[in-house]
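Structure, as structure tokens:
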Amino acid sequence: MSALTSEIRVRFAPSPTGYLHVGGARSALFNYLYAKHNGGKFILRIEDTDQARSTKESLKMMISDLKWLGILWDEGPDTDSLIDKGPYGPYKQSERLEIYKKHAEELLARGKAYYCFMSDAELEAEREKIKASGLHTHVESPYADGSIDEAQVRIANGDKAVVRFKTRELRKDYILKDLIRGEVKFPSDMVGDFVLLRSDGMPVYNFCCAVDDYHMKISHILRAEEHLPNTLRQMMIYEGLGWALPQFGHISLILDDDRQKLSKRKGAVACDQFKKEGYLPSAMNNYMALLGWSHPEDKEIMSLEDMKAAFTLERVHASGAVFDRVKLKWMNAQHLRALPNAEIWKLIAPFLQEAGLKLPTDSDWQQQSVETFKSYLEILSDAITLYTPLDDSKYEIFAESDETLKMETTKPVLQAWKELVTAHAKESFTEAEFLQIQDGVKDKTGQKGKNLFFPIRVALIGKPNGAELKILVPLMNKKSILARAEQALAKC
RNA sequence: GUCCCCAUCGUCUAGUGGCCUAGGACACCUCCCUUUCACGGAGGAUACACCGGUUCGAAUCCGGUUGGGGACGCCA
């Protein structure tokens, strides 16, 4: 493959140890957008070498979250069967152990790595000693220059050893040309002799990451800034194995209000959580994209397609971004309200059902109700509060109605309201019919403005503020309106 | 502590030496629409961290200071 036609290949490489975090989702998004903008391939690789923490359940959750967001991959485990697809598999690191082993041996043979027999206790003691001395925190292994043959004999006899990369002879600066940060200079002693293979033979992150990126022909590595120091280790591995470096770009971190790395302790950070609260994937993507990237024409509300078309690394910037839930919510409302009413109903229906609300099933009513409540909907779960007053079994008079109920003028208004509704010949009300009754109440009692509307609204939805009465009443029927009027009256 | 990264309104950002008396969005305030609330519309307040250079000219380039963050694992 010539340099001119070389394909853009990027990857998202999560470890399946829990749900998908918004930070991870944003990394996945950027990779995806970069691939799609450039006609390249987006690969999903599973970093499951930490057997203690990786689970199949987590993998399934992760995949379902990615699927929900619509960030789909060209190579990697199939979304349903989890069976790998693509020419550079397997895509799960736990199935690539032979490859890592082979390259570790290569490094060992070249004198770039060594077996280290230090015990946990020895490492701990060494770290304490170094900490006291102040300088850096790298453990110096006494085994760095040991004979490999002798080490292998010890291992054959049952001793446990890790394979470490030897950094101490690499006295130089490594220059990374980061696509987002420009030139970054790492002194080689920034890292100590890091572990390649654990004592049980499982590879460690930096090693399999480098090996896989090479074998999977990854051209661009776009990942979060926290990986910047790892990049030095990976550069050393590439160099040790004589491989050409891919391009790197380190995206800023997503921060919490207190400017620390976003963490689950401060509220929802799992995509799944946002899904459950009723955020739309399109809004999530839109919001995440704008954390560190901007549209060339400053567009704010965008679809995935808009973003694919406009995404370039030149517009990704390097400073951290605070995750603002308020703006996310606003953005969700924008995406939601742009949808047709029937579509919105389909989205809120599961939330209403989950809340146990019994509501009319005819689609005209459903769409009309969406039209009525739309401007109050920010996230799908808001529908529950909005629709609850429409279910007779859930009707209650809220505390915020107290003031209205205490007004002297309220009782006569409610009595007149009840009388006129009773006199109404049909079970349902059109907007005009309601207006007529309302005028009747006005004439009978001489009340207008708040004195008129607040009591009626309380008798309708249990609180003085909310949607416009004339569009609310046509969503209700006579029987329930009357029952509610009784209840409100009883509280006067 | 050591190394690395970052630095424009409260927040997300535009800005790549003159178009900047710094633009947009969220949030906030005022007004309009509306006999409520929400939506929508119009307006307002609010920022180039600091100090030195370079330059005719600096938010933009360079150096330093300060502040914030990240990494220092047989986690990823």
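These numbers come from the heavy atoms of this one structure, side chains and all, not from hydrogens, waters or symmetry mates.
No hydrogens or angles were tested; on distance alone, a donor-acceptor pair under 3.5 Å links the side chain of A:Lys442 to the base of B:U35. In this model, a side-chain donor or acceptor of A:Ser375 finds a partner on the base of B:A38 within 3.5 Å. In terms of polar N and O atoms assigned as donor or acceptor, the side chain of A:Asn465 never comes within less than 3.5 Å of the base of B:A38 in a complementary pairing. Within 3.5 Å, no donor on the side chain of A:Lys374 pairs with an acceptor on the base of B:A38, nor the reverse. A donor-acceptor contact under 3.5 angstrom links the side-chain atoms of A:Tyr376 to the base of B:C37.
OP1 or OP2 of B:A14 has at least one side-chain nitrogen or oxygen of A:His317 nearer than 4.0 Å. Listed pair A:Thr49 / B:A76 meets the phosphate criterion, a side-chain N or O lying under 4.0 Å from OP1 or OP2. In this model, the phosphate group of B:G24 is not approached by any side-chain N or O of A:Lys299 to a distance below 4.0 Å at OP1 or OP2. Using a 4.0 Å cut-off, some side-chain N or O of A:Arg198 falls inside it from OP1 or OP2 of B:A76. When the side-chain nitrogen and oxygen atoms of A:Arg259 are compared with OP1 and OP2 of B:C12, one or more of them lie within a distance under 4.0 Å. Phosphate contact (OP1/OP2 of B:A14, side-chain N/O of A:Ser294, threshold under 4.0 Å): present. For the pair A:Arg315 and B:G15, the criterion of a side-chain N or O lying under 4.0 Å from OP1 or OP2 is met.
Under the side chain to side chain contact (heavy atoms under 4.5 Å, CB included) rule, A:Thr410 has a single partner from A:Thr445, A:Val458, A:Leu452, A:Thr404, which is A:Thr404.
Residues A:Phe30 and A:Phe311 bring their aromatic ring centres within 6.0 Å.
Of all nucleotides listed (B:U35, B:C74, B:A25), B:C74 comes nearest to the side chain of A:Arg127. In this structure, of B:G69, B:U36, B:G10, it is B:G69 that holds the atom nearest to the side chain of A:Glu225. Here the nucleotide nearest the side chain of A:Arg337, chosen from B:C6, B:G40, B:G10, is B:G40. Candidate nucleotides B:C72, B:C12, B:C4 were compared by shortest atom distance to the side chain of A:Val322, and B:C12 ranks first. You'll find that the side chain of A:Gln260 is closest to B:G69, out of B:A76, B:G70, B:G69. Listed nucleotides: B:C26, B:C12, B:C74. Nearest to the side chain of A:Trp330: B:C26. In this structure, the nucleotide among B:C4, B:U13, B:A76 sitting nearest to the side chain of A:Val184 is B:C4. When distances are taken from the side chain of A:Leu228 to each of B:C74, B:U13, B:C4, the shortest belongs to B:C4.
Toward the 5′ end of RNA chain B lies the nearest nucleotide of A:Met190, the other residue of the pair A:Met190 and A:Asp439 mapping further downstream.
In this structure, A:His227 places its NE2 atom 10 Å from P of B:C72, rounding to the nearest Å. With rounding to whole Å, A:Leu328 atom CG is found 14 Å from B:A27 atom C1'. The distance from atom OH of A:Tyr174 to atom P of B:C4 is 16 Å, rounded to the nearest whole Å. One atom, CE of A:Met302, and another, P of B:G24, lie 18 Å apart when rounded to the nearest Å. We find that CG of A:Leu253 is positioned 19 Å from P of B:A76, with the value rounded to whole Å.
Using Watson-Crick or G-U wobble geometry with both donor-acceptor distances under 3.5 Å, B:U46 finds no partner in any strand shown.
Using a cutoff of 4.0 Å between basic side-chain nitrogens and carboxylate oxygens, A:Glu126 and A:Lys129 are scored as salt-bridged. Remark: A:Arg96 does not engage A:Glu98 in a salt bridge, criterion side-chain N to carboxylate O under 4.0 Å. Salt bridge absent: A:Asp193 and A:Arg164 never bring a charged side-chain N and a carboxylate O closer than 4.0 Å.
Between A:Tyr115 and A:Phe117, the ring planes lie tilted relative to each other; the angle falls in the 30° to 60° range.
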### Task
Tell me, with the steps shown, if A:Phe194 and A:Phe165 meet ring-ring contact (aromatic ring centres under 6.0 Å, His included).
CA-CA 6 Å; A:Phe194 54 93; A:Phe165 192 88; 5.2 Å; yes

